[in-house]
Chemist: 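For reference, the structure I am asking about is given below.
Proteins come first, then strands; the chains are lettered A, B, ... in the order of their sequence lines, and each starts at number 1.
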Number of protein chains: 2
Amino acid sequence: MAASPSRHDVFQAIADPTRRQLLRLLGDQEMSVTVISGHFPMSRTAVSKHLRILAEAGLVKGRKVGRETRYRLDPEPLLELKQWLAYYERFWENKMAMLKHYVESGKLDGAEPAASLKAVQPTKKE
Amino acid sequence: MAASPSRHDVFQAIADPTRRQLLRLLGDQEMSVTVISGHFPMSRTAVSKHLRILAEAGLVKGRKVGRETRYRLDPEPLLELKQWLAYYERFWENKMAMLKHYVESGKLDGAEPAASLKAVQPTKKE
DNA sequence: ATTTTATGACACCTTTTGGTTTCATGTCAA
DNA sequence: TTGACATGAAACCAAAAGGTGTCATAAAAT
């Protein structure tokens, strides 16, 4: 499935639900592959391959302890994601500003703001 | 390629580099499919399918204007990503705390902190 | 020394992805 | 009305993803 090192980036790595679960699991504690596999409804081999992909992305680190390999989370690569996401902050700000405007001008009633966000930017006919 | 509505989530949507470029592009301004395609080295149809996936994830909205469809960014679903990411803040804090400890104990010199983060948690032999 | 356990490497299979080209349809312009 | 343009849908394809089972090997336990 995976061949050359670091063929997977953070974005790909977190795209899979199983791998996101793995990250959650490994944040709490270091665990061996077999123990980790116990938490998933798939084969140990499959889990192992997910771990490999996460490792390629730098999101987990494996450490050999006798005959077992223990994996743990390394959150550092998530910073890239955080930075990528930061770019879009300004758009949220815009949305909030527009929402505020609409609310103040009485075009929106007191409906739950979060649900209203999607409708804030009007689909203006041209 | 895609059949049922909303078969793609945000994590999958942003996993592809082309789609991330699309988001960047559509943040600045609303654009028609043909114009968008001009920015990419692939066929218009291919771009159109990426747009579809982004739309399924709610990240872009399409609006028909005469014979063309103009797409624009909708950053709202990125909030889910932001929340997911927020969970890992505490790990960064831990890392920073550990880094601070190491620096103060003189085990790390004044080397660039960002580059040192990966080495902060020592691979302790058991 | 022998056996069991933990893991990674392989070979293999099916589905999904990302891309292509072609075609049908709706809209705009002459 | 006729023709050009914009787009989405469909059929097709190669490669990657996600899974399986088997096997080889190293370490532990008996």
Chemist: Go through the N and O atoms of the side chain of A:R44 and the base of C:dG8, and report whether any donor-acceptor pair is under 3.5 Å.
Modeler: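 Flag set: donor-acceptor pair detected.
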Chemist: Taking the six-membered ring of A:Y87 as reference, does the cationic atom of B:R24 (NZ for Lys, CZ for Arg) lie under 6.0 Å from its centre and within 45° of its axis?
Modeler: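 Verdict for A:Y87: a cation-pi partner in B:R24.
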Chemist: I want to verify a distance call: between D:dG18, C:dT4, C:dG8, whose nearest atom is closest to the A:S48 side chain?
Modeler: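 From the listed options, C:dG8 comes nearest.
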Chemist: Got a donor-acceptor pair under 3.5 Å from the side chain of A:R67 to the base of C:dT5?
Modeler: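 For A:R67, whose side chain was compared with the base of C:dT5, there is a donor-acceptor pair (under 3.5 Å).
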Chemist: Select one nucleotide: of C:dT21, D:dT20, C:dT7, the one nearest the side-chain heavy atoms of B:T45.
Modeler: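 It is C:dT21.
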Chemist: Side chain of A:E68: nearest nucleotide among C:dA29, C:dA6, D:dT7?
Modeler: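 For the A:E68 side chain, the nearest candidate turns out to be C:dA6.
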Chemist: Would you tell me if any nitrogen or oxygen in the side chain of B:S43 comes within less than 4.0 Å of OP1 or OP2 on C:dT20?
Modeler: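 Result: yes.
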Chemist: So does B:H50 get a side-chain nitrogen or oxygen closer than 4.0 Å to the phosphate oxygens (OP1/OP2) of C:dT17?
Modeler: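 No.
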Chemist: Using 0.5 Å steps for rounding, measure from the CG atom of B:L59 to the CG atom of B:L51.
Modeler: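 Between B:L59 CG and B:L51 CG, I get 11.5 Å after rounding to 0.5 Å.
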Chemist: Does the side chain of B:T34 get closer than 4.0 angstrom to OP1 or OP2 of D:dC5 through an N or O atom?
Modeler: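 No, B:T34 has no side-chain N/O under 4.0 Å of OP1/OP2 on D:dC5.
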Chemist: Given D:dG18, D:dT20, D:dA9, which nucleotide is nearest the side-chain atoms of A:I53?
Modeler: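 It is D:dG18.
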Chemist: Just jot down the side-chain contact (heavy atoms from CB on, under 4.5 Å) partners of A:A46, sequence neighbours excluded, or say none.
Modeler: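 Expected list: A:M42, A:S43.
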Chemist: Whether B:Q12 contacts C:dT16 is assessed here as follows: a side-chain N or O lying under 4.0 Å from the phosphate OP1 or OP2. Is that the case?
Modeler: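 So the side-chain polar atoms of B:Q12 never come under 4.0 Å of the phosphate oxygens OP1 or OP2 of C:dT16.
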Chemist: Select one nucleotide: of C:dA9, C:dG19, C:dA11, the one nearest the side-chain heavy atoms of A:K49.
Modeler: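 Comparing C:dA9, C:dG19, C:dA11 against the side chain of A:K49, the answer is C:dA11.
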Chemist: The side chain of B:R19 lies closest to which of these nucleotides: D:dA6, C:dG18, D:dG18?
Modeler: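 The answer is C:dG18, which lies nearest to the side chain.
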Chemist: Can you tell which of D:dT7, C:dC28, C:dT17 lies closest to the side chain of B:H8?
Modeler: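 Given the options D:dT7, C:dC28, C:dT17, the side chain of B:H8 is closest to C:dT17.
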Chemist: Side chain of A:Y71 only, heavy atoms from C-beta on: which candidate in D:dA17, D:dT20, C:dG8 is closest?
Modeler: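 Between D:dA17, D:dT20, C:dG8, the one nearest the side chain of A:Y71 would be C:dG8.
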Chemist: Which one, C:dG19, C:dT7, C:dC28, comes nearest to the side chain of B:T18?
Modeler: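 Of all the options, the side chain of B:T18 is nearest to C:dG19.
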